[in-house]
Amino acid sequence: MFKIINGDFKNNIYSDEEYLDNWPMLYILENGKEAYVGESNHVKTRMTQHASNEEKKMFEKVHFIYSKIFNQSVTFDYESKLIQYIVADKLFTVTNKNSGLADKQYYQKKEYDEKFEKLWRKLQKEKLVKHSLEELENSDLFKYSPYKELNDDQREAVERILAKIKEGNVDQIVVNGMPGSGKTIVAVYLMKYLSDSVEYADKNIGFVVPQTSLRKTMKGIFKSIYGLSPSQVLSPSDVTKKRYDILLVDEVHRLHQYKNISYMGTFKKNCEKLGLTTESDELDWILKQSDCAVLFYDELQVVGPSGIDEDRFKIKMDNPTLNRVVEYYKLFTQMRVKGGNDYIAFVINMLNANCNKKYQSENYELKLHTNFSEFEKEMYEKESKYSLSRMIAGYAWEWISKNDHSKRDIEIQGVKRMWNHCTEGWVLTDEAIDEVGCIHSIQGYDLNYAFVILGNDIGYDESTGKIIIRPENYFDKNGKRTASKEELLSYIKNVYYVLLTRGIRGTHLYVCDDALRKYLSEYIEVVD
C-alpha cells in the first residue's frame, strides 16, 4: 500500500519513478539527527526549492512516501499526523514550524485514519521511527505537543489571541475552559508559534507553570521541541527576576496567595522585590512583570484557600485603577474525555446532587463498584490492556507513609494501599500503579482510565438531598486551614471535579459513604 523511495538530498540524486514528478506524496528530510516532514504534488521540484533554502541545507537524505491511494487531502492530513508522531518518537528532532495545523475533515477520512497505522509500521520497518503509535499516544510529549491539530474552538482562539498580541494594545488575555478543553495545548501551541516567528525574535517570552510536577514535565517537553528551551518554562518566582514582553500562564487557578503555603519567606521577599505587599499574590507578580499576559483559567479547579478563586480573579481583571485592556475567550469543546461535554455536565450535576437521569454513553465507560478488590483488579486489567490506568482519591486519609514507606495509608475492605510516594511526575513512575494519587500528583495530567475513590470527606444527606462534607475526614492541612465550611465544600467538590475528569476512555468509582453510593447507584451503572 505504501512505498518508500530513498534519495540523496545533499547531492540532488533521485530515482526516476514517474510519480515523483506529478503525484501527491509525503517526504521526510533527515540528517540522522534532525528531520523535516513535508508534502507536495511535485516532490522533485520541491527538493530543488529546499536545496536553495539555508535552513534545509543541513539535511542529507530524503525519504519519499508514495501510495496510489493518496490525494492531496490525505497527504495534508498525513503530513500533520507524521509531524505529531515523529516529534513524540524522539528518534529525530523535527524542525517544522507549527503554523497552519488544523483538524481537517475530508471524504473517507475514517478509512484513511485506519490506514495510517500501516504507514507507521512501514516506517518502523525502515527504521525511520522507533515506537508504536499506542506507546506514543500515552506519552506526555504527544499529549502536550505544539504540533497538535487544532479543533475549530482552539484555532479560532489562537488566531484571535495572535491578532491581539500583534496589535499590541491588550494587556491581559483570559482563556477559560473546562478540564480537557485544550487550554494547555493552546498555550504550548502559542509558545511554539511565537518562538518560531521572526516578528517576535527579539521579544522576551515565558511560559509559566505553577505546579512543580507539571513544570518538570513541561521542561522535558520544551527540551525535545526544536526552537523551544527548558529555560522558557518558569515558576511564579522566576517571573520576579526580570520583565517579559509576553507571559503565557497555564493553570492560573493554581497560582498562590500568601496563605497556607510552605514558602512564606520566599513569597514575602518576592513581593518586596516588586514593591508589593503580601496582600498581593503570584498573579500580581505576573501582571506587574509582563506587557501582555495570556491567562488560562478554570474557576472550578481551585482546590484550596491559597488558590486564585473566581472572586479574586475577577477583581484583578476588572480593576479600573490598573487601566489595563482585557480580552476574554472560551474553549467549549471537550478534547480529553471521550464522553465529551455530556460527561462533564454529568460530573457537575453529580457533585451538586442534581442528577436527573442515568448516565449512558457509547463512547465512555462510567461504572460504580461496590467491591474494592474487584475495583483494584479491574484497574490492573485496564493497565495491562491500555496502560496509564491509575487509582486516585480525595484527601480523605492521612499521609502516614510519607516518612515510612513500609506503612499503608488507605485500607478499604481489607485492601491496603499507600499514597503517591512523590508528586513530581508520579503518573509515569513504576510505583504509581500500586499507589493512590492525590490531587497534587494528578492535576494537569491525563489518564486512559481513572479509578477514583470518593472518601469519607464527601457524602450525601438523604434528608436534604444535598452533597455534604466532613472536615474531620479531610487531611490536606493547607487545603483546609483558614477555610470556612462553605469554602471547604467548594474546594472538596473541586478536588473531585478534577479527579473525575482525568480519564480519557473511562472512569470507575468506589464510594466510601453509604448514602452517596446509594444515591449515585440510581444514575451510574453498578458492578460487582
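No hydrogens, no waters, no symmetry mates; every other heavy atom, side chains included, goes into these values. Numbers here simply count residues along the sequence, with the first being 1.
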Does any non-hydrogen side-chain atom of K382 lie less than 4.5 Å from one of N448? no
Parallel under 30°, tilted from 30 to 60°, perpendicular over 60°: which one fits the rings of Y359 and Y343? perpendicular
For F207, the option from Y189, F222, Y244 that meets ring-ring contact (aromatic ring centres under 6.0 Å, His included): F222
State whether a side-chain donor-acceptor pair under 3.5 Å links D89 with H131. yes
Stepwise ring pair (Phe, Tyr, Trp, His ring centres under 6.0 Å) test for Y474 and Y491: CA-CA 11 Å; Y474 188 64; Y491 298 147; 8.8 Å; no
Give the minimum heavy-atom separation between R517 and L368, together with the two atoms involved. O-CD2, 3.8 Å
Could you check whether the rings of Y386 and Y449 sit parallel, tilted or perpendicular, using 30° and 60° as the cut-offs? tilted
So, for L247 and S290, which heavy atoms are closest and what is the spacing to 0.1 Å? CD1-CB, 3.7 Å
Looking at Y258 and T277, would you say the former's side chain and the latter's main chain have a donor-acceptor pair under 3.5 Å? no
Does D281 come within less than 4.0 Å of K259, counting only side-chain N to carboxylate O? no
Name of the residue among N420, L447, V436 meeting side chain to side chain contact (heavy atoms under 4.5 Å, CB included) with R390: L447
Side chains of N356 and Y523 in contact at under 4.5 Å (non-hydrogen atoms): no
What closest approach, in Å, do E279 and R312 show between heavy atoms, and which atom pair accounts for it? O-NH2, 3.0 Å
Can you find a side-chain donor-acceptor pair between D513 and Y519 that sits under 3.5 Å? no
Tell me whether K314 is salt-bridged to D311, with the criterion being a basic N under 4.0 Å from an acidic carboxylate O. no
Under 3.5 Å, side chain of R505 to main-chain N/O of K338, donor-acceptor pair present? no
Ring geometry between F375 and F372 (parallel below 30°, tilted from 30 to 60°, perpendicular above 60°): tilted
Exactly one of Y380, F451, Y364 should register a ring-ring contact (aromatic ring centres under 6.0 Å, His included) with H508. Which one does? F451
Closer than 4.0 angstrom, basic N to acidic O: yes or no for D152 and R155? yes
Please confirm whether the backbone N or O of A515 pairs with a side-chain atom of E462, one donor and one acceptor, at under 3.5 Å? no
